[in-house]
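First comes the structure, then the notes that go with it.
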Amino acid sequence: MKIETRPDLPSISPNQQRWRRFRQHRLGYVSLLIFLMMFVLSLFSEVISNDRPLIAYYQGGLYVPLLRDYPESTFGGDFPTPADYLDPFIREQFSRPGNWALYPLNTYRYDTLNYFAQLPNPAPPSAQNWLGTDDRGRDVLARALYGFRVSVLFGMALTIIGVLLGIAAGAVQGYFGGRIDLYLQRFSEIWGSLPELYLLLIFASIFQPSITLLLILLSLFGWLGLADYVRAEFLRNRQLDYVRAARALGLGNAQIMWRHILPNSLTPVITFLPFRMSVAITALTSLDFLGLGVPPSTPSLGELLAQGKDNLDAWWIGLAAFMVLFVTLLLLVFIGEALRDAFDTRKSGSGR
């Protein structure tokens with residue numbers, strides 16, 4: 001009797017197993033694809049929503065208004081000031097035979113004021129403004145699109161800074177322990193008890209509000225929660241056999257922490273990334289809603305929500321901001337749940 005042997009199956013690394021479990025979590029995987037698509041589109045906001053043509057052809061000359069300012073006299077006007085491409089006269093010039101202009105999908109930027117609008121502000125949704133205008137005449141769709149980009153980029157930056165600081169503080173506490181751990185724990189408790197909102201109010205009254213200032217202030221407190229998880233992982237891993245073997249081989253503390261313990265302690269860091277990002281976006285929106293966030297000229301979802309509160313009859317303002325914020329946070333929560341299941345070894349790997 002001949003026994004057939006099966007060839008050895010290729011081994012799957014732990015990261016490949018986690019990625020497979022993540023893809024099997026259909027809701028989280030689809031949410032990641034949708035979120036990435038929304039973010040990539042927002043990076044091209046100037047191409048999608050702008051009050052300037054992407055490219056124009058006028059009297060034998062090719063122009064790129066999206067990248068360069070042209071005076072009105074270039075297109076048959078009387079003044080040397082920059083051309084207003086929403087002006088009916090300029091549009092008529094481009095519509096003449098032999099001339100043409102390629103406008104973006106939405107012909108408004110986040111700060112565009114349409115002086116040729118027919119309806120008073122705030123104007124309801126129409127063919128000219130798909131989501132209406134705010135109380136200053138700015139296009140709500142453009143402000144929501146640009147505001148989404150600002151919120152996501154701010155959330156990413158705050159998350160990255162908080163993760164780096166949290167890993168550094170938690171790694172030092174958990175690896176060395178003893179008095180270093182005790183002193184840093186007391187410092188974290190004292191630092192975390194400081195009234196963050198009061199500090200924001202004080203600094204907002206002293207300095208001019210800006211995204212950089214807001215990022216620095218929130219980063220000072222954004223690392224506290226993650227540092228506790230990293231500290232616990234380092235405390236658990238520092239006495240394992242592979243760490244003792246590394247010490248016996250003469251490796252230094254920095255090499256052991258960076259090359260051996262940290263890769264085995266990143267599970268809570270990675271699984272909490274979407275949730276921390278959603279918290280950062282919510283914090284920025286809340287501060288903008290209270291008037292403590294970015295400058296008024298910066299597109300912001302919180303500023304749109306504040307306008308919706310002040311103009312209850314203009315329901316389209318608050319609804320647009322709420323839907324963008326709701327969808328963004330919902331997608332991040334679904335991504336976070338999928339990551340948590342993917343890194344949980346107790347999961348059987350069956351998709352939802």
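Values below: every heavy atom of this structure, side chains too, minus hydrogens, waters and symmetry copies.
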Between the CZ atom in Arg186 and the CD1 atom in Ile190, the distance rounded to the nearest 0.5 Å is 8.5 Å
- Message: Can you confirm whether Phe116 is buried at CZ, in the sense that more than 12 heavy atoms of other residues, nucleotides or ligands lie under 6.0 Å from that atom?
- Response: yes
ring-ring contact (aromatic ring centres under 6.0 Å, His included) with Phe94: of Phe89, Phe75, Trp100, only one passes, and it is Phe75
Output for pair (Met277 CE, Leu332 CG), nearest 0.5 Å, gives 5.5 Å
Could you tell me if the side chain of Phe343 sits less than 4.5 Å from the side chain of Leu266, heavy atoms only? no
- Flag this pair as yes if the NZ/CZ of Arg91 is under 6.0 angstrom from the six-membered ring centre of Tyr103 and inside a 45 degree cone about the axis; otherwise no. yes
Are Asp135 and Asp310 close enough that some pair of their side-chain heavy atoms sits under 4.5 Å apart?
no
Exercise for review: Evaluate the ring planes of Trp223 and Phe187, with Trp represented by its six-membered ring, and classify them as parallel (under 30°), tilted (30 to 60°) or perpendicular (over 60°).
Suggested key: parallel
Could you tell me if the side chain of Glu196 sits less than 4.5 Å from the side chain of Leu218, heavy atoms only? yes
* In this structure, are over 12 heavy atoms from other groups packed under 6.0 Å from Gln118 atom CD? -> no
field: Heavy-atom side-chain contact between Asp288 and Leu301 under 4.5 Å
entry: no
Side chains of Gln307 and Glu303: is there a donor and an acceptor less than 3.5 Å apart? yes
Find out whether Leu199 and Leu217 are in side-chain contact, i.e. whether some heavy atom of one side chain is under 4.5 Å from a heavy atom of the other.
no
Is there a path of hydrophobic side-chain contacts, each under 4.5 Å between heavy atoms, that joins Leu262 and Leu273? yes
So side-chain hydrogen bond (donor to acceptor under 3.5 Å, both in side chains) across residues 273-285, not counting sequence neighbours, yields none
Here the salt bridge (Lys or Arg N to Asp or Glu O under 4.0 Å) pairs for residues 209-231, sequence neighbours left out, are Asp181-Arg231
In this structure, OH of Tyr108 is separated from CG of Asn114 (nearest 0.5 Å) by 4.5 Å
Hey, can you pull the donor-acceptor pairs under 3.5 Å for the side chains in residues 313-326, sequence neighbours left out?
residue: Trp316; atom: NE1; partner: Ala123; partner atom: O; Å: 3.1
residue: Trp316; atom: NE1; partner: Thr133; partner atom: O; Å: 3.0

Q. Under a 4.5 Å cut-off applied to non-hydrogen side-chain atoms, are Leu113 and Arg138 in contact?
A. yes
Heavy-atom neighbours of Phe35 CZ exceed 12 at 6.0 Å: yes
Under 4.5 Å between any side-chain heavy atoms of Val269 and Leu226, yes or no?
-> yes
Rounded to the nearest 0.5 angstrom, the CG-CZ distance for Leu331 and Phe39 is 14.0 Å
dist Leu27:CG -> Ile335:CD1 (nearest 0.5 Å) comes out at 10.0 Å
If you look only at distance, which donor and acceptor atoms sit under 3.5 Å apart when one is on a side chain in residues 54-69 and the other is two or more places apart or in another chain?
residue: Tyr58; atom: OH; partner: Gln93; partner atom: NE2; Å: 2.9
residue: Asp69; atom: OD1; partner: Arg52; partner atom: NH1; Å: 2.5
residue: Asp69; atom: OD1; partner: Arg52; partner atom: NH2; Å: 2.4

By side chain to side chain donor-acceptor pair (under 3.5 Å), Thr271 pairs with (sequence neighbours left out) none
Distance col, row Tyr110:OH vs Asn50:CG, nearest 0.5 angstrom, shows 10.0 Å
May I have the list of side-chain donor-acceptor pairs in residues 144-168 shorter than 3.5 Å, sequence neighbours left out?
residue: Tyr146; atom: OH; partner: Ser45; partner atom: O; Å: 3.3
residue: Tyr146; atom: OH; partner: Ser49; partner atom: O; Å: 2.7
residue: Arg149; atom: NH1; partner: Glu46; partner atom: OE1; Å: 3.0
residue: Arg149; atom: NH1; partner: Glu46; partner atom: OE2; Å: 3.4
residue: Arg149; atom: NH2; partner: Glu46; partner atom: OE2; Å: 2.9
residue: Ser151; atom: OG; partner: Gly147; partner atom: O; Å: 2.9
residue: Thr159; atom: OG1; partner: Gly155; partner atom: O; Å: 2.6

Q. Does a side-chain heavy-atom distance below 4.5 Å link Phe334 with Val30?
A. no
